[in-house]
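Every number for a ligand or one of its atoms is a count from 1 in the order of the listing.
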Amino acid sequence: MTDIISSLGETLRAGETVITGWSSLPEPLVAETMARAGYDAVTLDMQHGFHTMESVHRGIAAIRLAGKPAIVRVPVGDFAATSRALDFGAAAVIAPMINSYEDARKFADFMKLAPVGSRSWGPHRAMAIAGGSDPDAYLATANRQTLALAMIESREGVAELEAILGVAGIDGVFVGPSDLSIALSDGAALDPTGERVMMVTGEIAERVRDSGKIAGIFCSNVGHAGTAMDLGYRLIALGSDASILRAGSEALLEKIGR
Ligand code: 3PY
Ligand code: MG
């Protein structure tokens, strides 16, 4: 495989920061535009965004065309979709609501080829868009080069963090501050940058650092992203296509008095 697949893992493992755009609109040209605008990676969201397997496989190719790695967030519990995202050339997959050791094991099992997991063979598209066709090379490198990122966004997930991080085949975590804020407040508040969530976010970063794995997080604004980076997060999701389009449209219309 060429380094377009491997670069994301290597960059993050080297401690460098990766800023990913967040694509919820299921149009490959939008994801490609974000990649060309300068994001280090683009994440296609199948959980809350409108992406489907169809737009994911086209979106990955479009992001790759712009020379950037693609990340896919699958729907809750849809572990079969994780293998398909890898087959289509995703450099990393984010699985939401990983709340237990068992969830993490299942996720890793679908993400990793033997002997780590039991992912079924079929990365023909992934090899093609990486510009290679050497199955032996893919088999030898895919488990390390493609990343399984477990979302920590519940009380159970935080409590089980060490066990989740201990699963072979889990490369890191990705914090969901919105769900975490609802969980930590027992449903009283959606406050992704609140004091309580930020404290737990800091604790998670420390525990991930001790494990030697990768820490990522969804950030709601630039200030949040700066704090997350200071805490040690290296994969930072900042800015969704829909919100950028809306904010840009509003700013333009305001300038012309509308
Ligand atoms: C959360 O903040 O809960 C997320 O899942 C971010 O997308
Ligand atoms: Mg969430």
>> Looking at every heavy atom in both I164 and N99, which two are closest together, and how far apart are they?
In response: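 What the structure gives for the nearest pair is CD1-C, 4.2 Å.
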>> Let me confirm one number: the NE2-CG distance from H57 to L44, rounded to the nearest 0.5 Å.
In response: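 One gets 12.0 Å once the value is rounded to the nearest 0.5 Å.
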> Between Q47 and ligand 1, does any nitrogen or oxygen pair lie at a separation below 3.5 Å?
Replying inline: no
> D179 to ligand 1: N or O pair under 3.5 Å?
Replying inline: yes
For ligand 1, which atoms sit closer than 4.0 Å to a heavy atom of [X]?
| X | value |
| --- | --- |
| G176 | 1 (C), 2 (O), 3 (O), 4 (C) |
| S178 | 1 (C), 2 (O), 3 (O) |
| M151 | 4 (C), 5 (O) |
| P177 | 1 (C), 2 (O) |
| E153 | 1 (C), 3 (O), 4 (C), 5 (O) |

> With D171, which of K213, R144, K112 fulfils salt bridge (Lys or Arg N to Asp or Glu O under 4.0 Å)?
Replying inline: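 Result for salt bridge (Lys or Arg N to Asp or Glu O under 4.0 Å) with D171: K112.
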> Measuring from the heavy atoms of P192, does anything fall under 4.0 Å of ligand 1?
Replying inline: no
>> Can you classify the ring geometry of F218 versus W22 as parallel (below 30°), tilted (30 to 60°) or perpendicular (above 60°)?
In response: perpendicular
> With under 30° as parallel and over 60° as perpendicular, where do the rings of F110 and F79 fit, or are they tilted in between?
Replying inline: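 Answer is parallel, since the angle falls under 30°.
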>> In this structure, would M46 and M97 fall into the same cluster of hydrophobic residues linked by side-chain contacts under 4.5 Å?
In response: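 Unlinked, M46 and M97 end up in two clusters.
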>> Quick one, F107 and T82 - any side-chain contact, counting heavy atoms below 4.5 Å?
In response: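 Heavy-atom side-chain distance check passes, below 4.5 Å.
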> Would you call M53 and R84 a side-chain contact if the rule is heavy atoms closer than 4.5 Å?
Replying inline: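 In short, these two side chains touch, coming nearer than 4.5 Å.
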> Do you know which N/O/S atom name in D179 is closest to the Mg ion (ligand 2)?
Replying inline: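 The closest N, O or S atom of D179 to the Mg ion (ligand 2) is OD2.
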> Restricting to N, O or S atoms of E153, which is nearest to the Mg ion (ligand 2)?
Replying inline: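 Nearest N/O/S atom of E153: OE1.
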> What is the closest protein heavy atom to atom 7 (O) of ligand 1, and at what distance does it sit?
Replying inline: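 In this structure, atom 7 (O) of ligand 1 has R73 NH1, 3.0 Å as its nearest protein heavy atom.
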